[in-house]
Trainee: 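Just dropping this structure here.
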Amino acid sequence: MLQITLKGGEVRLYPSGTTPLEIARDIGPRLAREALVARVNGVLVDLTRPIESDAAVEFFTFEDEAGRRVYRHSTAHILAQAVKRLYPGAKLAIGPAIADGYYYDFDIARPFTPEDLDRIENEMRAIIKEDLPIQRIEVSREEAIRLFQEAGETYKVELIRELPDEEVISCYRQGEFIDLCAGPHVPSTGRIKAIKLLNVAGAYWRGDERNQMLQRIYGTSFPKESLLKEHLARLEEAKRRDHRRLGVELDLYSIHEEGPGFPFFHPKGMVLRNELERFWREEHARRGYQEVKTPIILRQELWKRSGHWEHYRDNMYFVNIDGENYAVKPMNCPGGIIIYKSRMHSYRELPIRLGELGLVHRHELSGVLHGLMRVRSFTQDDAHIFARPDQLEDEIIGVIDLVNYFYHDIFGFTYHVELSTKPEKAMGSDEIWEMATGALRRALDRRGLAYKVNEGDGAFYGPKIDFHLRDCLGRTWQCGTIQVDFLMPEKFDLFYIGQDAQRHRPVMVHRVVFGSLERFIAILTEHFAGAFPVWLAPVQVKVLPIADRHRDYAGKINELLQAEGIRTEFDTRNEKINYKIREAQVQKVPYMLVIGDREIAEQKVSVRHRSGGDLGGMPVAAFLERIKGEIATKALDNNR
RNA sequence: GCUGGUGUGGCUCAGCGGUAGAGCAGCGCACUCGUAAUGCGCAGGUCGUCGGUUCGAAUCCGACCACCAGCUCCA
C-alpha cells in the first residue's frame, strides 16, 4: 500500500499503481471532474500516471496557473491534430501554452485564412467530441527520431536531437495523432470545453529571422462557455479602450505619415504631460534630485566611448554637422556623466541625483511601432545617481520606494518586479556584474519584494530591476527600471575625492519611474478608459448654459473657475442641454455645471459628474472646494 | 526588418471596370430648450503615392509609403 499525503496533510492509503485520477475520484466527484493535472512529490504529472511509491499529491484545476497551462497545452495538441487532419502536408513545430491561451506553429506552404480557422475550429470540436484518451508514451531517443523522421516531422527531429542525453523523451498520443511532448496533459480530449481560434501570424522557427517562417495559430480555451465569453468580452473592452482610438477621440495626440513613430501632442495631451511632469518634478525635488537638461545631439566620439556605438548603433540616428559626425541620443546617461565630470566632487556631496526629462530617439523597426506605446522618439523620466559604493543599496531602496509611491499610492496600480542579469553582449567582467546584481538583490530582499529573474536580459552596461504594472484589464506593462552601472564610471573615469584625499570611483544608478512619458500616458489612457482622474483631466469642468439668456451668468461662473486654476470649457453653442451633456460625457469630462433660470435665481450651479450623475445644486464656492480637494489629493475615486 | 491583412471626405464605413455615396463631425438657418444626440439646409474627397493594363481604373496588376495582427526587440 502507498501512503499518499494530500494537500491538507491528510494521509490516505492506496494500492501501488493507483493514479492521481483515482485518488481524486476517491476524494470527491467534483475534484475528479475539475482536476486537470497532479503534482506528485513536486513533479507535475498526468492524472493517469500510476503512482509507484509513497508520495505527496496535490491537484490543480483551471483555477490554478499550472492547471490552466496544462489545459491550454492540451488544446494546442487538439489544434495540431485538427490541422494535420485537414492539411496533412503541414509540419509541426511547437505549441506551448501562453498567458491567456496557446499557440501552435506550423510549416505549411499556403498561409491560413480566416475561413481555414473556422474549418480547423470545427475539426477541433469534432476531436473533443470523440473524447480521445491522451496517452503518454516514453520512447528511446532512436525510436523517437525514427518515428518523427518517418512522419516527416523534421522540426520535431531537430528538437529531439537537441534534448540533453539524460532527458526522458516522451510523446503523447490521442487517436491517430502523436506529438513529441514533455507533458503533462489532461486525460482525454473531451476535457476541453470552450475553444476559440483567435488569429494567425507569421513567426520564425525559434524566433530567428534567418529561419523558416512558420504560420502560427493563436487560440484560447476555457472549461466553460461563459468564461470564454467573458474573455472575448475583455478583448473587446481592450479594443474599446485602445489609446490609439481614445487618443483621436479625446484629441490628445496624433501620429502622421510625415513622421511614423514620432507623435504629435495636441493641447489636451499636453495637459496630461505637463501635469505628470509637474508631479514628477515636485516628488523628485522632495527626494533630493536636481534637474538637468542635456543636448539631444552629441559628438559620435562620446558614443564610442560610452559603448553605445558598439552595442546600440543599430538603434541610433546619425547626423553630420560641419563635416563632423554626431549622433542623436538614444539614452541620457552620457549627458549626465558630462555634467558630473564638469567639476570635482567630494565624498560629502554624494549621492548626487541628476534627474532629466530627456527626449531620446531610437530607431525601432517599422513593424513594431504602436501608438504611443512604441515610438521612435520619447521622453524618459530619467535620473542618474552618482553614489559611493556604500550608499548604493540605500539609493536603490530609495528608488524602489519612489516607484511604489507613484504606482501604488498615486495611480492605484499593482505591479511586480523582475531582475535581469548579464546578457551575452555585455561590457565588463563577471565580478563587476555579480557585485551590481547582488546590490539589486539585497535591496529587493530588504524591501521584501518577490521578484522573477530573467537571465541575460540586462542592459549592456549593467543588471536591472524592471517594474511591471498591471492595468485594470490585467495586462502588464514594463515601465520603471533601475540599472546599476559600474562600467560607465570606469569608461569615463569618474571619481570623487574621498576622506583620504584620494580619488575614488563612484557607482552609477540609471533609473526611470514612468519609463517614458508617452508610454505612461498610453497606459493611463487605457487603464482609465480616457476618464482621467480630475487632477489629470485635460478639461476638468464643462460649463453648460441651458439657453442664451443664461450665458452671462454662466460666463461669470466659468471665469471664476478659471481664475481659481480650474481647466474649463464653456459651451455657448446654440444646442439643447442634452446634446451638450452628451458631448461632455463622451469627452469624459469629470464635471458638468448646468446653468439655467433656477441656478441664476438661487445663485447656485447644478453639478453633474461623469459617472455619479446629477449631484444637485450647490453654491459655486462649495463646488470649488470639492473639486479643489480632489485635485489636491489626486483622488482616484471620482465616482462621488 | 519579416509574414499576412488593410488604405475611399476630420471620424466610422458602403461602392469593387463606365467617371464617388451614407452616418457622425463642421458650417448656416429655425427652435431658447433642464441632465447622454431638435429639425431643415450647405459645404467637404486628384478614392495612400507612383507606374502599368484598358476606349475607360477607387475598382485589375506591380512597386513604394503608412497603418493593423503577430514575429523579433524594447521605455
Side-chain angles (χ1 to χ4, degrees), chain A residues 103 105 110-114 198-218 239 242 244-245 248-249 251 254-261 312 314-315 330-332 358 360 362-382 420 457 459 464 466-467 477-481 483 510-520 522-523 542 544-551 573-587 592-599 606-610 612-617:
Chain A
Y103 66 77
D105 287 345
R110 181 178 66 86
F112 293 113
T113 64
L198 297 168
N199 49 30
V200 206
Y204 301 104
W205 170 236
R206 318 209 126 161
D208 188 330
E209 63 183 354
R210 288 165 303 193
N211 288 340
Q212 172 72 27
M213 168 73 70
L214 308 171
Q215 294 296 314
R216 174 171 298 178
I217 298 180
Y218 284 88
K239 219 180 272 176
D242 193 316
R244 291 169 299 182
R245 176 196 174 117
V248 173
E249 286 174 8
D251 200 15
S254 57
I255 299 181
H256 305 269
E257 283 209 22
E258 289 83 349
Y312 211 72
D314 291 347
N315 284 299
M331 297 186 193
N332 301 301
V360 297
R362 297 184 184 175
H363 177 72
E364 300 293 348
L365 295 178
S366 61
V368 306
L369 301 177
H370 182 92
L372 290 183
M373 293 285 187
R374 196 66 192 279
V375 291
R376 283 176 170 160
S377 80
F378 56 99
T379 305
Q380 291 185 306
D381 64 317
D382 218 341
S420 297
D457 255 2
K464 61 178 182 170
D466 292 321
F467 294 85
W477 305 96
Q478 200 227 294
C479 295
T481 82
Q483 307 177 345
H510 312 238
R511 42 110 287 175
V512 289
V513 183
F514 290 137
S516 94
L517 258 340
E518 289 76 6
R519 178 179 289 181
F520 202 79
I523 293 166
K542 273 230 186 196
L544 309 177
I546 287 175
D548 291 350
R549 65 177 177 281
H550 310 124
R551 268 192 210 176
R573 289 173 309 169
N574 197 358
E575 292 291 350
K576 284 179 67 176
I577 192 67
N578 282 322
Y579 182 87
K580 296 182 185 180
I581 286 173
R582 180 185 151 77
E583 194 167 277
Q585 286 287 151
V586 168
Q587 288 292 309
M592 288 148 266
L593 299 185
V594 176
I595 290 163
D597 292 335
R598 223 157 48 217
E599 287 71 24
S606 281
V607 180
R608 179 190 163 93
H609 187 268
R610 66 184 166 203
D614 191 351
L615 302 180

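Predicted, not measured: the structure shown is a model, and the values here were computed from it. In the text below, chain A, chain B and the rest are named by the order of the sequence lines, each starting its count at 1. Note: hydrogens, waters and symmetry copies are ignored here, and every other heavy atom, side chains too, is used.
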Trainee: Output the rounded distance in Å from CD (Glu575(A)) to P (A30(B)).
Mentor: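 Rounded to whole Å, this separation is 14 Å.
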Trainee: With heavy atoms under 4.0 Å as the rule, sort Arg573(A) into base, sugar-phosphate or nothing.
Mentor: sugar-phosphate
Trainee: In this structure, how many angstroms lie between the P atom of C73(B) and the OH atom of Tyr312(A), rounded?
Mentor: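 It works out to 13 Å between those atoms.
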Trainee: Considering only heavy atoms and no angle criterion, is a donor-acceptor pair shorter than 3.5 Å present between the side chain of Glu249(A) and the base of G10(B)?
Mentor: no
Trainee: From C-beta outward on Tyr218(A), which listed nucleotide comes closest to its side chain: G70(B), G1(B), U38(B)?
Mentor: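 Among the listed nucleotides, the one closest to the side chain of Tyr218(A) is G70(B).
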Trainee: Considering only A66(B), U3(B), A75(B), which nucleotide approaches the side chain of Val375(A) most closely?
Mentor: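 Closest nucleotide to the Val375(A) side chain: A75(B).
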Trainee: Check this for me, if you would: do Asp242(A) and Lys239(A) make a salt bridge, where the nitrogen-to-carboxylate-oxygen distance has to be below 4.0 angstrom?
Mentor: no
Trainee: Taking the side chain of Ala547(A) as its heavy atoms from C-beta onward, which of U32(B), G1(B), A37(B) lies nearest to it?
Mentor: U32(B)
Trainee: Please determine, for the side chain of Tyr204(A), which listed nucleotide (C67(B), U35(B), C71(B)) has the closest atom?
Mentor: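 Side chain of Tyr204(A) sits closest to C71(B).
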Trainee: Tell me whether Asp597(A) is salt-bridged to Arg549(A), with the criterion being a basic N under 4.0 Å from an acidic carboxylate O.
Mentor: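 Between Arg549(A) and Asp597(A) there is a salt bridge, with a charged N closer than 4.0 Å to a carboxylate O.
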Trainee: Looking only at atom P, what distance separates A57(B) and C47(B), rounded to whole Å?
Mentor: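 A57(B) and C47(B) have their P atoms separated by 11 Å.
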Trainee: Any side-chain heavy atom of Val607(A) sitting closer than 4.5 Å to one from Leu593(A)?
Mentor: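 A side-chain contact under 4.5 Å exists here.
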Trainee: Below 3.5 Å, does any donor atom in the side chain of Asn574(A) face an acceptor in the base of C33(B), or the other way round?
Mentor: yes
Trainee: Taking the same atom, C1', in G39(B) and in U32(B), what whole-Å distance lies between them?
Mentor: 14 Å
Trainee: Suppose you measure atom P in G48(B) against the same atom in G7(B); what distance do you get, rounded to whole Å?
Mentor: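 Result for the P pair: 8 Å, nearest Å.
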Trainee: Base, sugar-phosphate, or nothing for Arg374(A), non-hydrogen atoms under 4.0 angstrom?
Mentor: base
Trainee: Considering only atom C1', compute the distance from G15(B) to A30(B) and round it to an integer number of Å.
Mentor: 35 Å
Trainee: Measure from the side chain of Ile546(A), starting at C-beta and using heavy atoms only, and say which of C67(B), C33(B), U3(B) lies closest.
Mentor: C33(B)
Trainee: Compare the minimum distances between each of U32(B), C67(B), G34(B) and the side chain of Arg598(A), then state the nucleotide with the smallest one.
Mentor: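 For Arg598(A), the side-chain atoms sit closest to G34(B).
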Trainee: Choose from A75(B), U35(B), C68(B) the nucleotide whose nearest atom is closest to any side-chain atom of Ile581(A).
Mentor: U35(B)
Trainee: Classify the nucleic acid contact of Leu544(A) as base, sugar-phosphate or nothing, counting any heavy atom under 4.0 Å across all strands shown.
Mentor: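 Nothing, no nucleic acid heavy atom in range.
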Trainee: Provide, to the nearest angstrom, the distance between the CZ atom belonging to Arg511(A) and the P atom belonging to A75(B).
Mentor: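 Rounded to the whole Å, the gap is 14 Å.
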Trainee: Under a 3.5 Å limit for both distances, which nucleotide forms a Watson-Crick or G-U wobble pair with A58(B), could you say?
Mentor: none
Trainee: Between U32(B), U35(B), A75(B), which nucleotide has the shortest distance from any of its atoms to the side chain of Arg549(A)?
Mentor: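 For Arg549(A), the side-chain atoms sit closest to U32(B).
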Trainee: Indicate, with a heavy-atom threshold strictly under 4.0 Å, whether Leu365(A) touches base, sugar-phosphate, or nothing.
Mentor: base
Trainee: Identify which nucleotide among C33(B), G1(B), C65(B) has an atom closest to any side-chain atom of Glu257(A), counting heavy atoms from C-beta outward.
Mentor: C65(B)
Trainee: Taking atom C1' in both G21(B) and U8(B), compute the distance separating them and give it to the nearest angstrom.
Mentor: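 One C1' to the other, the span is 10 Å.
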Trainee: Nearest whole Å is fine: how far is A37(B) C1' from Arg582(A) CZ?
Mentor: 5 Å
Trainee: So, under a plain 3.5 Å distance rule, would you say the side chain of Arg362(A) forms a donor-acceptor pair with the base of C73(B)?
Mentor: no
Trainee: Rounded to whole angstrom, note down the P distance from A14(B) over to G23(B).
Mentor: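 My reading of the P atoms in A14(B) and G23(B) gives 16 Å.
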Trainee: Using the P atom on both, measure A58(B) against G45(B) and round to a whole Å.
Mentor: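 Going atom to atom, P in each nucleotide, I get 16 Å.
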Trainee: Reading RNA chain B from 5' onward, which residue's closest nucleotide shows up sooner: Asp614(A) or His370(A)?
Mentor: Asp614(A)
Trainee: Check whether the side chain of Asn578(A) and the base of U38(B) form a donor-acceptor pair under 3.5 Å.
Mentor: no
Trainee: Which value, in whole Å, describes the distance between the C1' atoms of nucleotides C13(B) and A20(B)?
Mentor: 14 Å
Trainee: The side chain of Tyr579(A) lies closest to which of these nucleotides: C31(B), A25(B), C74(B)?
Mentor: A25(B)
